[in-house]
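Just follow the structure's listing: the first ligand is 1, and inside any ligand the first atom is 1.
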Amino acid sequence: MDRDRNIDFMTQDVWLDLHPYLQPVADFQAQVSAAAADISIARAQTPNFDDYIGDYKAGIPLLRSSHAAVDLEPAEAILVSLLENLTSQHVLENFAGECRVLHTQLSCELNMPRRVVAWLLDSEGFEPMHPGLLRYLGWTALTRFLSPLGDEFGSWRDEAQWLRNYCPTCGSAPAMSQLVGIDPGRMRFLSCGCCGTRWQFRRIGCPYCESGDDHQLSALAIEGEKFLRIDYCQSCGAYLKTYDGTGSEQIFLADWTSLHLDLIARDRGLKRLANSLYEL
Ligand SMILES: [Zn+2]
Ligand SMILES: [Zn+2]
């Protein structure tokens with residue numbers, strides 16, 4: 001067997017040359033990143049993991065644990081600053097009106113930033129204006145704030161004690177999966193489309209309805225895509241975009257880089273059960 005078959009080195013530029021229809025999404029992200037770049041970011045405080053271990057074993061994600069008690073208030077301020085920058089720097093022309101509305105709402109209404117961050121983690125109890133854009137910008141702010149903590153959490157946690165079908169950091173359903181290695185030691189990881197965490201899951205079966213029957217999950221090859229495919233479940237009709245390879249996780253697991261697979265899946269009547277940050 002060719003061991004190197006699935007080791008790839010893809011760059012964003014090459015990917016966009018191959019998929020020019022993704023360029024507007026890349027431009028949008030570049031503009032938001034530029035607007036976020038000069039916002040000073042307080043470091044997320046490391047929780048006492050000894051206090052959290054019981055919740056972790058019980059399946060409570062880090063950001064939802066009262067024992068970990070991660071303070072997300074600085075992320076609220078980052079989101080408000082990001083909206084401020086997007087509004088004042090006249091970027092995101094297509095979304096200028098939406099950005100202004102969101103900025104006014106978050107800077108004028110007391111407690112609104114807190115409610116928005118709670119909504120990002122729990123999608124319920126609140127119906128914000130322009131939810132697609134707000135979800136994207138909110139997770140941009142949250143992940144910038146949480147990124148050092150995510151690394152610490154990653155080195156602390158024991159993958160074998162999680163193996164659940166939702167993100168150990170934020171609790172979201174997986175947006176993608178990745179197959180790593182070769183048999184017999186081949187492993188599957190799930191990837192969070194919101195906070196970017198990757199975690200181990202059992203190799204076979206559907207992570208959405210937890211059908212353990214491997215015959216229930218079928219793979220759909222995509223013409224022209226060597227490393228990406230669509231796995232779908234015949235029990236619940238959900239699909240999971242899968243990266244079969246290693247080396248270019250930043251490109252292949254970014255979710256937006258495979259929006260064309262979401263279209264193919266939708267055309268086939270399959271359901272996306274994970275949040276998307278790209279329903280703009
Ligand atoms: Zn997550
Ligand atoms: Zn299923």
Side-chain angles (χ1 to χ4, degrees), residues 44 47 52 55-56 59-65 68 70 72 75 78-79 116-124 134-157 159 161-178 188-220 229-243 249-250 252-256 262 265-266 268-279:
Y52 170 61
D55 276 357
Y56 179 72
I60 299 171
L62 183 70
L63 298 184
R64 297 182 181 205
S65 160
V70 178
L72 297 175
I78 295 169
L79 176 57
V116 168
V117 169
W119 166 76
L120 289 172
L121 290 170
D122 190 9
S123 290
E124 280 175 25
L134 187 58
R135 183 173 278 123
Y136 180 84
L137 298 176
W139 276 109
T140 301
L142 261 182
T143 46
R144 279 179 70 84
F145 171 64
L146 291 170
S147 134
L149 176 58
D151 295 341
E152 286 173 283
F153 183 42
S155 29
W156 171 79
R157 67 173 195 268
E159 292 283 350
Q161 290 191 334
W162 189 260
L163 302 176
R164 294 172 192 268
N165 63 348
Y166 51 90
C167 172
T169 306
C170 75
S172 299
M176 295 195 64
S177 75
Q178 180 186 19
R188 179 163 67 163
F189 291 84
L190 301 178
S191 163
C192 179
C194 294
C195 76
T197 299
R198 234 179 345 144
W199 70 99
Q200 199 181 334
F201 192 64
R202 60 192 156 71
R203 162 80 187 284
I204 53 168
C206 172
Y208 296 113
C209 67
E210 301 216 64
S211 160
D213 179 356
D214 62 335
H215 298 295
Q216 300 284 350
L217 209 59
S218 310
L220 180 67
R229 67 176 205 221
I230 294 170
D231 288 338
Y232 62 97
C233 173
Q234 290 176 356
S235 286
C236 71
Y239 72 93
L240 186 65
K241 298 185 291 185
T242 295
Y243 168 37
E249 285 79 2
Q250 279 208 320
F252 286 115
L253 292 177
D255 200 8
W256 72 270
D262 292 293
R266 198 197 296 170
R268 291 184 163 244
L270 299 169
K271 292 181 288 190
R272 176 167 172 132
L273 294 188
N275 269 334
S276 170
L277 301 188
Y278 300 94
E279 282 166 4

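In summary, Cys194 places no N/O/S atom under 2.8 Å from the Zn ion (ligand 1), failing the contact criterion.
Between Phe153 and Trp156, the ring planes are parallel. Angles under 30° get that label, and only those over 60° would be called perpendicular.
A distance of 8.0 Å separates CG of Leu142 from CD1 of Ile78, quoted to the nearest 0.5 Å. We find the CZ-CH2 distance between Arg188 and Trp199 to be 11.0 Å, quoted to the nearest 0.5 Å. Between the CG atom in Leu79 and the CG atom in Leu137 there is a gap of 7.0 Å [rounded to 0.5 Å].
Vertex the Zn ion (ligand 1); arms to Cys167 SG and Cys195 SG; angle rounded to 10 degrees, 100°.
Under a 3.5 Å cut-off, the side chain of Glu159 and the backbone N or O of Gln200 do form a donor-acceptor pair. At distances below 3.5 Å, at least one donor-acceptor pair connects side-chain atoms of Tyr166 with backbone N or O atoms of Gly59.
Summarising the local packing, CZ of Arg266 is surrounded by 12 or fewer heavy atoms from other residues, nucleotides or ligands at distances under 6.0 Å.
Atoms of the protein (N, O or S only) found under 2.8 Å from the Zn ion (ligand 2) are Cys206 SG, Cys209 SG, Cys233 SG, Cys236 SG.
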